[in-house]
Engineer: 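Take this structure first; my questions come after.
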Amino acid sequence: IVNYTLLGLCVMVFLWQFSLSDFEGEAAVIMFGLIPGDLFGTVKSQIERPPDVLTIFTSMFLHGGWMHLLGNMGYLWIFGDNIEASLGHVRYLMFYLLCGVVAAMAHALAAPGSDIPMIGASGAISGVLGAYLVLHPRANIRVFVWIIIYFSVWNLPAFIVLGFWFGGQLLSSMNVDPGEPGIAFMAHIGGFVAGAVLVFFFK
C-alpha cells in the first residue's frame with residue numbers, strides 16, 4: 001500500500017513537472033529541491049522558497065527526467081514491497097522518509113556551500129536497498145547481463161548484486177565533486193548505510 005502510494009506520488013509529481021515550461025520546470029526544481037548552501041545559510045536563494053527543512057522532503061518526489069524517474073521507480077518497485085512486508089505499513093513509511101533525510105544530509109554535508117538543487121527519490125530508495133541487503137542477503141535477483149554480443153539473464157544473490165551496486169557508488173563518489181551538477185553519490189551512500197542500520201530498529 002505505502003510502496004505503491006510512493007510510486008504513484010513520484011509519477012504524479014513528475015507528470016506535473018512535465019507539464020511545465022522549461023522556465024517553470026527550472027523554477028520548480030529551485031523552489032522545491034534541496035539546496036545545501038541554503039540549508040546551512042552559506043548561500044541565499046534568489047527566489048522565495050519553502051522552509052529549507054521542508055525541501056528535504058519535497059526534493060524526494062522531484063525527478064530530472066524520464067530516465068531518472070524510471071530508474072528510481074524500477075528499484076522501488078522491485079525491492080520496496082518486500083521491505084514494507086517486513087516492517088509494516090506505518091513503520092515502512094517512517095523508515096523510507098528517515099532514510100531520505102539521512103541521504104539528503106549526507107549530500108548536503110559533503111557540499112555545504114553548493115547552490116545546486118538536489119532532487120530525486122534515490123537517497124530514500126538506497127535506504128530500501130540497504131535494508132534488503134540486511135534482511136534478504138541470499139534472495140535471488142534476476143539480472144540482465146550484456147557483454148558485447150552476449151545476452152543472458154542470471155539469478156544472483158542479493159548480496160552480490162547490491163554489494164556490487166554499493167561498491168560502484170563508493171568508487172564513483174571518489175571521482176566527482178559533490179558540489180558540481182550530476183549524480184548525488186553521497187546521498188546514495190548515506191541512504192544505503194542508513195537503511196542497513198535503521199532496519200534493525202524498525203523491524
Engineer: For the CZ atom of Arg91 and the CD1 atom of Ile83, what is their distance to the nearest 0.5 Å?
Structural biologist: 13.0 Å

Engineer: State, to 0.1 Å, how close Gly127 and Phe95 come at their nearest heavy-atom pair, and which atoms those are.
Structural biologist: O-CZ, 3.6 Å

Engineer: Kindly work out whether a path of hydrophobic side-chain contacts (I/L/V/M/F/W/Y, heavy atoms less than 4.5 Å apart) joins Met12 to Met60.
Structural biologist: no

Engineer: Is there a chain of hydrophobic side chains (I, L, V, M, F, W, Y, each step under 4.5 Å between heavy atoms) that links Leu54 to Met31?
Structural biologist: no

Engineer: Is the CH2 atom of Trp16 crowded by more than 12 outside heavy atoms at less than 6.0 Å?
Structural biologist: yes

Engineer: Could you state the interatomic distance from CG (Leu87) to CG (Leu93), rounded to the nearest 0.5 Å?
Structural biologist: 11.0 Å

Engineer: Might you work through the side-chain hydrogen bond (donor to acceptor under 3.5 Å, both in side chains) test for His136 and Asn82, ending with a clear yes or no?
Structural biologist: CA-CA 9 Å; His136 310 288; Asn82 295 278; 5.2 Å; no

Engineer: Consider side chain to side chain contact (heavy atoms under 4.5 Å, CB included). Of Leu9, Val11, Asn3, which one does Leu7 pass it with?
Structural biologist: Asn3

Engineer: Just do the side chain to side chain contact (heavy atoms under 4.5 Å, CB included) check on Ile125 and Tyr96 with the steps written out, would you?
Structural biologist: CA-CA 7 Å; Ile125 295 171; Tyr96 179 90; 4.1 Å; yes

Engineer: Going through the checks in order, is the side-chain hydrogen bond (donor to acceptor under 3.5 Å, both in side chains) test met by His188 and Ser122?
Structural biologist: CA-CA 6 Å; His188 298 176; Ser122 53; 2.9 Å; yes

Engineer: Rounded at 0.5 Å granularity, tell me how far CG in Leu69 sits from CZ in Phe18.
Structural biologist: 11.5 Å

Engineer: Would you please test Phe185 and Leu170 for side chain to side chain contact (heavy atoms under 4.5 Å, CB included) and show each step?
Structural biologist: CA-CA 8 Å; Phe185 291 110; Leu170 283 174; over 6 Å; no

Engineer: Between Gln17 and Leu62 (side chain of the first, backbone of the second, donor and acceptor by atom type, cut-off under 3.5 Å), is there such a pair?
Structural biologist: no

Engineer: Could you state the interatomic distance from CD (Gln169) to CG (Leu129), rounded to the nearest 0.5 Å?
Structural biologist: 9.0 Å

Engineer: Return the CZ to CZ distance between Phe14 and Phe61, rounded to the nearest 0.5 Å.
Structural biologist: 15.5 Å

Engineer: A quick test of your reading: do over 12 heavy atoms of other residues, nucleotides or ligands sit less than 6.0 Å from CD1 of Ile1?
Structural biologist: no

Engineer: State, to 0.1 Å, how close Ile119 and Gly64 come at their nearest heavy-atom pair, and which atoms those are.
Structural biologist: CD1-N, 3.7 Å

Engineer: Specify the closest pair of heavy atoms between Ile30 and Ile35, including all atoms of both residues, with the distance to one decimal.
Structural biologist: O-CD1, 3.9 Å

Engineer: Side chain to side chain contact (heavy atoms under 4.5 Å, CB included), that's the test. Do Phe202 and Leu98 meet it? Break it down for me.
Structural biologist: CA-CA 11 Å; Phe202 279 85; Leu98 185 55; 4.1 Å; yes

Engineer: What is the distance from atom CG of Asn72 to atom CE of Met67, rounded to the nearest 0.5 Å?
Structural biologist: 11.0 Å

Engineer: Taking only residues at least two apart or on different chains, which pairs with a member in residues 50-60 satisfy salt bridge (charged side-chain N to carboxylate O under 4.0 Å, His left out)?
Structural biologist: Arg49-Asp52

Engineer: So if you build clusters from Ile, Leu, Val, Met, Phe, Trp, Tyr with side-chain heavy-atom gaps below 4.5 Å, do Ile189 and Phe192 land together?
Structural biologist: yes

Engineer: Among Ser59, Ser114, Pro117, find the one that has a side chain to side chain contact (heavy atoms under 4.5 Å, CB included) with Leu34.
Structural biologist: Ser59

Engineer: What's the shortest heavy-atom distance between Ala106 and Met186, and which atoms?
Structural biologist: CB-O, 3.5 Å

Engineer: Quick check: closest heavy atoms across Ile116 and Pro36, and the distance to 0.1 Å?
Structural biologist: O-CD, 3.7 Å

Engineer: Which atom pair, heavy atoms only, marks the closest approach of Thr58 to Phe32?
Structural biologist: OG1-O, 2.7 Å

Engineer: Does the pair Leu6 and Tyr92 meet the rule for a side chain to side chain contact (heavy atoms under 4.5 Å, CB included), with working shown?
Structural biologist: CA-CA 11 Å; Leu6 291 170; Tyr92 174 65; 4.2 Å; yes

Engineer: May I ask you to check whether over 12 heavy atoms, not counting those of Tyr75, lie within 6.0 Å of atom OH?
Structural biologist: no

Engineer: If Ile, Leu, Val, Met, Phe, Trp and Tyr residues are connected whenever their side-chain heavy atoms lie under 4.5 Å apart, and connections chain through other members, are Phe79 and Phe164 in the same group?
Structural biologist: no

Engineer: Are Val199 and Leu162 connected in a single hydrophobic cluster, I mean Ile/Leu/Val/Met/Phe/Trp/Tyr linked by side-chain heavy atoms less than 4.5 Å apart?
Structural biologist: yes

